[in-house]
Amino acid sequence: MNYSTKCTIYSSTLYKTQRVSSSDKIIVKENNCIDICLCEEDSFDKFEEELSSLCGNSFSYFLKKRISSSFISIFSIIVIMFAFLSVSIFEDLSKKIIFEMPFDWQLPDSISLIFVLIFLFGLFLMPSILEAERSEFKNILSSWLNKDIKKQKRLNLAFSQYDKKTQIDLYNLEILPKEHWANSVLLKALLKNFNEINIHVRNDEVKVIQKRLLSSLVKNIEIIRDLKIVPNKNIDFLFSSKEERLNSLLQLCSTKKFDTQKVYISLELFEYCGKNLFEEAEKSNQLVFGFQNFINRSFDDFKFLVQEDSSRIYFTKNFFFKNLDDEQRRLSYFLRNHIEECIEYFENPISLLILYNYVKNIVLDEKRVLNILEKFISTVEKKQQYKLIDNYWFDIAGQMFDPKDLENFEQTKESLYRKLSINSLDKLLALFERNGYFEQAILLAKYLFEINPSKYSVIISSLYERMGRFEEAYSTLPNNIEFTKKEKPTALEVRYLQRKAWIVVSQRKEQLKEEGIASLEQLYLLINCHNFDNEPIWLWHYYNIKANYDEWNCDYEKAIEHYKKCLSIPALGAFEYGATFVNMAIAYRFIYLTSTKQNLDNINKSISYGKVGYQLKQSVGDRDELPVVQHNQALNILYKQLFENELDEKLLNEVLMLTSDAISILDSTNSIKRLGMLFIENIICKSLLNIDFTDIVTRLENHLTKIDENELKQLLNLYKEFKKANKISTINYLDEL
């Protein structure tokens with residue numbers, strides 16, 4: 001039978017169902033729409049009972065239902081009685097012909113012969129009747145013998161009470177097998193009685209449902225994918241039994257026990273545990289409906305997973321956590337027995353975090369747990385997932401101790417910092433720096449100082465520079481280091497010259513400029529005096545520092561050329577490329593400000609490149625340089641607004657967000673680098689938006705004594721330009737400087 005019904009298959013819309021639990025009604029009618037939501041445990045009897053209840057006290061429905069069932073019963077009885085009667089008459093007539101011949105033929109014998117002929121004729125025609133196309137008799141007979149057809153007739157009768165234009169929304173059909181009553185009975189009844197049916201399915205099952213409809217001779221099929229963000233709604237009751245198990249496993253493979261705002265999950269751990277913990281009989285089924293399918297459904301259909309970046313996936317508020325204490329305990333002991341295998345297999349730091357959390361209290365050999373943490377540190381560095389240190393590390397290891405405070409040795413002798421390898425501590429030091437934990441990094445560098453005084457002096461100097469404490473940075477840096485005569489320079493030799501050249505250019509101290517240039521030239525000779533491959537990061541630092549000296553010399557075009565060389569260096573990460581985009585944005589800003597005829601293209605490029613750099617820096621959770629990046633992007637936007645007749649409120653709100661967030665980060669990291677500039681940028685922005693800025697003015701006044709000469713010069717220049725343009729009110733103590 002061909003159906004003219006229009007069927008629209010929606011994916012990622014399961015949340016739209018009106019049903020909220022498995023105990024709720026399967027079918028609900030609201031206005032001109034009927035909502036049918038199916039679960040695995042729903043029976044046909046329950047559905048039919050609810051449908052009958054929905055039809056209400058309609059007299060016509062009651063009459064048709066009773067007459068239909070009574071008629072079929074009575075007619076069935078009559079046909080059966082007629083069949084018995086015909087057989088009996090045939091038997092009597094046959095006996096009489098065979099055993100009593102000759103006999104007198106009477107009227108009853110003629111009637112008996114008629115019955116027998118009708119009976120024989122019926123038997124003769126029966127095969128043809130049953131095989132005839134569109135045979136009503138065949139349908140009636142089938143309805144007596146086939147339970148599904150009986151059920152379908154009852155549903156047709158019930159649905160006939162509604163207008164054919166009534167919209168049908170059918171949910172969760174795809175989790176039910178093809179032979180289930182929902183497919184063999186309900187769907188056919190709906191197709192016969194309604195013009196429009198919306199079928200809401202899981203994204204990966206769209207083709208399956210489309211195929212079922214085509215096999216039912218439905219021609220008018222449309223497919224729509226809906227990816228809207230949805231409100232908090234629990235649709236766990238729609239899960240199949242297999243989805244229910246995978247959902248519990250997904251919760252187990254998360255950071256639920258860590259006290260953080262976001263609960264991250266590990267797909268590595270999820271797949272590893274699923275493959276090893278599911279029974280053998282189930283493993284073969286995973287090839288049909290596997291772990292990746294469930295993850296895709298969790299994103300698209302259930303909408304309780306969101307991806308932050310390539311390595312971090314976390315639960316939304318649509319995920320409802322359950323009490324899985326028993327399962328957690330069993331998983332803990334399983335993982336304890338496979339620690340080494342997991343360490344080798346996992347490449348996502350989230351996986352190692354969860355592994356550590358499961359086994360930390362049940363492993364007797366402490367070295368096995370330390371191996372997990374060392375792999376975690378290594379993968380965080382490799383993946384540049386610096387934010388994970390801020391979120392989780394100090395909950396695991398606590399604060400770094402002061403290595404010079406011998407009185408506290410007794411309290412710190414069990415510290416993890418005393419048990420980790422030197423290589424891991426080196427990586428951890430760099431991660432502290434990237435997260436803006438400069439004081440923690442300095443303590444760790446001092447702890448490692450005696451191993452290599454030259455190396456860690458350079459590192460400590462770099463950390464002071466990051467904090468804006470330039471005098472300490474320069475004084476901490478060794479006066480000289482002994483260069484080896486190896487064909488390829490060591491990392492220490494390169495870093496020493498990098499730091500020396502960078503500290504000078506970053507604070508723009510004229511009296512040290514020649515010394516900084518000499519260090520840069522020595523760096524160039526060092527990395528070009530051999531025939532081996534240079535480290536990409538060495539080249540990036542050289543061109544980046546070189547571009548900064550070009551800016552110091554007001555040669556901004558040359559600076560941009562060197563920044564472009566930075567971007568052309570392969571095998572770097574978002575941290576380095578992000579810094580380059582930020583610096584290139586600064587160069588375009590200077591071109592815009594120093595040109596006799598201001599070109600809006602330059603300042604627009606500055607804002608555009610600055611935004612790219614900010615996003616790249618933000619993507620790796622870099623709290624070290626992020627405030628400086630935010631300061632520069634705020635400055636890019638403010639300088640565009642300085643010469644605009646009409647203010648762009650959207651851009652100014654962006655400046656407000658950038659500066660406020662940067663000030664908050666610097667407060668938390670105890671750094672003052674560019675804090676003065678952020679204060680004045682925040683003040684100017686609030687003045688333009690008519691927002692009270694009294695508190696920031698007070699903070700800036702108290703901070704002035706900590707600002708170096710170069711930053712103070714920039715701050716006053718920015719203030720005076722906006723005051724000259726009548727875009728900011730007078731700040732008395734700045735006018736006095």
Q: Who passes side-chain contact (heavy atoms from CB on, under 4.5 Å) against Gln261, sequence neighbours left out?
A: none

Q: Is Glu308 paired with Lys262 through a side-chain N to carboxylate O contact shorter than 4.0 Å?
A: yes

Q: Can you list the residues that meet the side chain to side chain donor-acceptor pair (under 3.5 Å) rule with Glu196, with sequence neighbours excluded?
A: none

Q: Just jot down the salt bridge (Lys or Arg N to Asp or Glu O under 4.0 Å) partners of Lys382, sequence neighbours excluded, or say none.
A: Glu347

Q: Please evaluate residues Thr8 and Ile197 with respect to the criterion side-chain contact (heavy atoms from CB on, under 4.5 Å), reporting the C-alpha separation (whole Å), side-chain torsions for both, the decisive distance (0.1 Å), and the verdict.
A: CA-CA 6 Å; Thr8 305; Ile197 301 176; over 6 Å; no

Q: Roughly how far, to the nearest 0.5 Å, is CG of Asn371 from SG of Cys342?
A: 12.5 Å

Q: In the structure I gave you, are the side-chain heavy atoms of Cys37 and Leu14 within less than 4.5 Å of one another anywhere?
A: no

Q: Run the salt-bridge test on Asp204 and Arg297 with the 4.0 Å N-O cut-off and return the result as yes or no.
A: yes

Q: Answer yes or no on whether Lys303 is positioned over the face of Tyr15, meaning its NZ or CZ is under 6.0 Å from the six-membered ring centre and within 45° of the axis.
A: no

Q: Would you please test Gln385 and Arg312 for side-chain hydrogen bond (donor to acceptor under 3.5 Å, both in side chains) and show each step?
A: CA-CA 9 Å; Gln385 297 295 336; Arg312 287 179 289 182; 2.8 Å; yes

Q: Going from CG on Leu331 to CD on Glu327, what distance comes out if it is rounded to the nearest 0.5 angstrom?
A: 10.0 Å

Q: Step by step, work out the side-chain contact (heavy atoms from CB on, under 4.5 Å) result for Thr255 and Asn357.
A: CA-CA 8 Å; Thr255 59; Asn357 197 53; over 6 Å; no

Q: Donor-acceptor pair, distance only, cut-off 3.5 Å: does the side chain of Asn276 make one with the backbone of Tyr272?
A: yes

Q: Is the NZ or CZ atom of Lys16 positioned over Tyr171's six-membered ring, under 6.0 angstrom from the centre and within 45° of the axis?
A: no

Q: Are any of the side-chain nitrogens in Lys322 or Glu244 under 4.0 Å away from the carboxylate oxygens of its partner?
A: yes

Q: With sequence neighbours excluded, what pairs up with Tyr614 under the ring pair (Phe, Tyr, Trp, His ring centres under 6.0 Å) test?
A: none

Q: Using 4.0 Å as the upper bound for N to carboxylate O, is an ion pair formed by Lys275 and Glu271?
A: yes

Q: Determine whether the side chains of Asn318 and Asn234 contain a donor N or O and an acceptor N or O closer than 3.5 Å.
A: no

Q: Going by salt bridge (Lys or Arg N to Asp or Glu O under 4.0 Å), name the residues that satisfy it together with Arg330, two or more places apart in sequence or in a different chain.
A: none

Q: Looking at Asp300 and Arg202, is there a salt bridge between them, counting it only when a charged N and a carboxylate O are closer than 4.0 Å?
A: no

Q: Only counting residues at least two apart or in another chain, list the ones meeting salt bridge (Lys or Arg N to Asp or Glu O under 4.0 Å) with Glu268.
A: none

Q: Taking only Lys NZ, Arg NE, NH1 and NH2, and the carboxylate oxygens of Asp or Glu, determine whether Asp42 and Arg19 approach each other closer than 4.0 Å.
A: yes

Q: Less than 4.5 Å apart, any side-chain heavy atom of Lys242 and any of Arg245?
A: yes

Q: A side-chain contact here means heavy atoms from C-beta on lying under 4.5 Å apart; do Ile265 and Leu305 qualify?
A: yes

Q: Using the test side chain to side chain donor-acceptor pair (under 3.5 Å), find all partners of Asp661 that sit at least two apart in sequence or belong to another chain.
A: Gln630

Q: Under the side chain to side chain donor-acceptor pair (under 3.5 Å) rule, collect the residues that match up with Asp169, sequence neighbours excluded.
A: Gln167, Asn198, His200

Q: The criterion is side-chain contact (heavy atoms from CB on, under 4.5 Å); which residues satisfy it with Asn391, sequence neighbours excluded?
A: Thr260, Tyr264, Lys387

Q: Report the distance from atom CD1 of Ile343 to atom CZ of Arg368, rounding to the nearest 0.5 Å.
A: 8.0 Å

Q: For the backbone of Glu179 and the side chain of Asn183, can you confirm whether one donor and one acceptor N or O come within less than 3.5 Å of each other?
A: no

Q: Taking atom types as modelled and ignoring hydrogens, do the side chains of Asn296 and Gln292 form a donor-acceptor contact shorter than 3.5 angstrom?
A: yes

Q: Centroid-to-centroid, Phe194 to Phe159, below 6.0 Å?
A: yes

Q: Using modelled atom types and a 3.5 Å cut-off, is there a donor and acceptor pairing between side-chain atoms of Thr5 and backbone atoms of Leu191?
A: yes

Q: So that I know where these two stand, are Phe239 and Phe237 an aromatic pair - ring centroids less than 6.0 Å apart?
A: no

Q: Any chance the rings of Phe321 and Phe315 have centres within less than 6.0 Å?
A: yes

Q: Starting from the C-alpha separation in whole Å, work towards a yes-or-no answer on side-chain contact (heavy atoms from CB on, under 4.5 Å) for Leu246 and Phe270.
A: CA-CA 9 Å; Leu246 290 172; Phe270 175 67; 4.0 Å; yes

Q: Between Ser378 (side chain) and Lys375 (backbone), is there a donor-acceptor pair under 3.5 Å?
A: no

Q: Nearest 0.5 angstrom please: Asn337 CG to Ser332 OG, how far?
A: 11.0 Å

Q: Looking at Cys33, is its backbone amide N or carbonyl O close enough to the side chain of Asn31 to form a donor-acceptor pair, meaning the two atoms are under 3.5 Å apart?
A: no

Q: Using only atom types and a distance under 3.5 Å, with no angle test, would you say the side chain of Asp45 pairs donor to acceptor with the backbone of Phe47?
A: no

Q: Going from CD1 on Ile199 to CD on Glu205, what distance comes out if it is rounded to the nearest 0.5 angstrom?
A: 13.0 Å

Q: Using modelled atom types only, decide if a donor and an acceptor are shared between the side chain of Ser184 and the backbone of His180 within a distance under 3.5 Å.
A: yes

Q: Is there a side-chain contact between Leu353 and Ile396 in this structure, where contact means two heavy atoms from C-beta onward sitting under 4.5 Å apart?
A: yes

Q: For the side-chain contact (heavy atoms from CB on, under 4.5 Å) test, which of Leu335, Leu252, Leu250 pairs with Cys273?
A: Leu335

Q: Between OG1 of Thr13 and CD1 of Ile224, what distance do you get to the nearest 0.5 Å?
A: 9.5 Å

Q: Sequence neighbours left out, what passes side-chain contact (heavy atoms from CB on, under 4.5 Å) with Val306? Give chain and number order.
A: Tyr314, Thr316

Q: Can you list everything that forms a salt bridge (Lys or Arg N to Asp or Glu O under 4.0 Å) with Glu50? Sequence neighbours excluded, please.
A: none

Q: Side chains of Ser254 and Val263, heavy atoms from C-beta outward: is any pair under 4.5 Å?
A: yes

Q: Just jot down the side-chain contact (heavy atoms from CB on, under 4.5 Å) partners of Lys29, sequence neighbours excluded, or say none.
A: Ile34, Leu54, Tyr162

Q: Do other residues, nucleotides or ligands put more than 12 heavy atoms under 6.0 Å from Glu649 CD?
A: no

Q: Would you say the ring centers of Phe299 and Phe304 fall short of 6.0 Å from each other?
A: no

Q: If we only count heavy atoms from C-beta on, is the Cys7 to Asn220 side-chain gap below 4.5 Å?
A: no

Q: Strictly distance-based, threshold 3.5 Å: is any side-chain N or O of Gln210 a donor or acceptor partner for the main-chain N or O of Ile221?
A: no

Q: For Leu249 and Phe294, run side-chain contact (heavy atoms from CB on, under 4.5 Å): C-alpha distance rounded to whole Å, both residues' side-chain angles, the deciding distance at 0.1 Å, then the answer.
A: CA-CA 11 Å; Leu249 180 61; Phe294 181 74; over 6 Å; no

